[in-house]
Asks: 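First the structure, then my questions, so here it is.
Counting begins at 1 with the first residue of the sequence.
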Amino acid sequence: ALRALCAGVLGWPDLDEAHLRCSPEDLNDLKLKVMAALNLCELSRQSYFNLAKAALYALIGNELAMQRKFNLNIQVPNDATSLLPVHADTWTGDSPYQLVLWVPLTDCYRTKSMYVLPPGEPYTLEGSSEDVWNRIKDRVKFLDVKYGEVLLFNPTLPHGNRVNEEDSARWTINCR
């Protein structure tokens, strides 16, 4: 339902082809348009929650609060303007007592996905985020998460993305 809503707002049958329909300079306007539609649709929040309801209840119980608005990320091939350098959400003030639900609207794999530094891997935060990346890049794992699957992760886990070197666009929604 979420993918169909995004595609419907744009009138596009295939989100993977965003780079063929929109220039990188126009991505932010496109993203804002789709996010507004997602956040206005009353069924979006319930649909999103239902994707991981059983796992959320098993992991943290049923007394839950949900972030008010979705975050949408679109990363077209070979575009360096949509990067999220290595970070953990808690480094910028997010609570460690939450989970992030990451939902791909396209198949995500290799550089079209996000990476995580596996739990327990040591790291230091000295220098720039690129310095941190250079120290951990041999230990990160790019995740394979197909459309129809979801990823739940702890906000203390270092993660990010790199330039999408694949031949199709990545669309993902995340919410806490």
Side-chain angles (χ1 to χ4, degrees), residues 1-39 44 48 51-52 67 69-89 91-92 94 99-119 121 123 127-155 157-176:
L2 296 169
R3 180 178 171 144
L5 177 63
C6 292
V9 166
L10 300 170
W12 298 352
D14 190 353
L15 298 179
D16 284 288
E17 296 179 351
H19 60 294
L20 303 176
R21 298 176 176 268
C22 180
S23 70
E25 297 79 32
D26 296 328
L27 275 180
N28 195 54
D29 289 340
L30 175 97
K31 183 173 132 176
L32 292 173
K33 179 180 178 179
V34 175
M35 279 177 36
L38 279 171
N39 289 314
S44 293
Y48 191 84
L51 292 171
Q67 177 180 323
K69 298 194 183 237
F70 296 108
N71 297 312
L72 173 68
N73 291 298
I74 305 169
Q75 189 181 16
V76 297
N78 305 310
D79 176 30
T81 65
S82 300
L83 299 183
L84 285 173
V86 62
H87 68 285
D89 299 339
W91 297 351
T92 55
D94 278 2
L99 289 176
V100 179
L101 175 55
W102 192 77
V103 177
L105 302 178
T106 56
D107 289 342
C108 294
Y109 51 89
R110 295 187 301 267
T111 59
K112 186 180 169 184
S113 190
M114 66 180 275
Y115 63 81
V116 297
L117 182 64
E121 286 285 340
Y123 63 90
S128 69
S129 57
E130 196 63 17
D131 293 335
V132 175
W133 164 254
N134 285 323
R135 286 193 300 273
I136 67 169
K137 66 184 176 186
D138 295 333
R139 296 179 283 140
V140 301
K141 177 172 176 35
F142 281 86
L143 303 176
D144 286 339
V145 186
K146 294 182 175 91
Y147 168 66
E149 298 176 339
V150 301
L151 174 68
L152 276 171
F153 67 94
N154 184 298
L157 189 66
H159 60 283
N161 67 331
R162 301 300 288 176
V163 170
N164 175 1
E165 297 173 355
E166 311 312 320
D167 61 1
S168 58
R170 179 187 102 179
W171 288 64
T172 58
I173 300 173
N174 69 76
C175 192
R176 283 141 191 83

Asks: Considering only heavy atoms from C-beta outward, does the side chain of H159 approach that of V140 to under 4.5 Å?
Replies: no

Asks: Quick one: pull up CG in L32 and CG in L27 and give me the separation to the nearest 0.5 Å.
Replies: 10.5 Å

Asks: Does S128 form a side chain to side chain donor-acceptor pair (under 3.5 Å) with E130? I'd like the steps, not just the answer.
Replies: CA-CA 5 Å; S128 69; E130 196 63 17; over 6 Å; no

Asks: Measure the CZ-CD1 distance between F70 and I173 for me, rounded to the nearest 0.5 Å.
Replies: 6.0 Å

Asks: If we ignore hydrogens and angles and just use 3.5 Å, is the side chain of Y115 paired with the main-chain N or O of R139 as donor and acceptor?
Replies: no

Asks: Is the closest side-chain heavy-atom distance between L51 and L2 below 4.5 Å?
Replies: yes

Asks: Looking only at heavy atoms, which two atoms of L83 and D79 are closest? And how far apart?
Replies: CD2-O, 4.3 Å

Asks: Could you pull out the closest heavy-atom pair between C22 and D26, with the gap in Å?
Replies: SG-CB, 3.6 Å

Asks: What closest approach, in Å, do I74 and S82 show between heavy atoms, and which atom pair accounts for it?
Replies: O-OG, 3.4 Å

Asks: About how many Å separate CG of L15 and CG of L10, when rounded to the nearest 0.5 Å?
Replies: 7.0 Å

Asks: According to the interplanar angle, ranging from 0 to 90°, do the rings of W133 and F142 count as parallel (below 30°), tilted (30 to 60°) or perpendicular (above 60°)?
Replies: perpendicular

Asks: For S44 and N39, indicate whether the former's side chain and the latter's backbone hold a donor-acceptor pair under 3.5 Å.
Replies: no

Asks: Got a donor-acceptor contact below 3.5 angstrom from the N161 side chain to the T111 backbone?
Replies: no

Asks: So L38 and L5, do their side chains get closer than 4.5 Å, heavy atoms only?
Replies: yes

Asks: Under 3.5 Å, side-chain donor or acceptor atoms of residues 144-154 against the rest of the protein: list the pairs with distances, not counting sequence neighbours.
Replies:
unit_1: E149; atom_1: OE1; unit_2: K146; atom_2: N; d: 2.9
unit_1: N154; atom_1: OD1; unit_2: T156; atom_2: N; d: 2.7
unit_1: N154; atom_1: OD1; unit_2: T156; atom_2: OG1; d: 2.5

Asks: Just so I know, are the side chains of P77 and D167 near enough to count as touching, which here means a heavy-atom distance under 4.5 Å?
Replies: no

Asks: Restricting to non-hydrogen atoms, name the atom on N164 and the atom on A169 that form the minimum distance, rounded to 0.1 Å.
Replies: ND2-CA, 4.2 Å

Asks: Ignoring hydrogens, what is the shortest heavy-atom contact between Y48 and C175? Give both atom names and the distance.
Replies: OH-N, 3.1 Å

Asks: Evaluate the side-chain proximity of P104 to Y109: yes if any heavy-atom separation is below 4.5 Å, no if none is.
Replies: no

Asks: State, yes or no, whether a side-chain contact exists between S168 and T106 at a heavy-atom distance under 4.5 Å.
Replies: no

Asks: Run through Q75, K112, R110 and flag the one making a side chain to side chain donor-acceptor pair (under 3.5 Å) with E166.
Replies: R110

Asks: What heavy-atom pair brings C6 and V34 nearest, and what distance separates the two atoms?
Replies: SG-CG1, 3.4 Å

Asks: Before you tell me yes or no, could you show the steps for R176 and D89 under side-chain contact (heavy atoms from CB on, under 4.5 Å), namely the whole-Å CA-CA distance, both residues' side-chain angles and the distance that decides it to 0.1 Å?
Replies: CA-CA 10 Å; R176 283 141 191 83; D89 299 339; 2.8 Å; yes

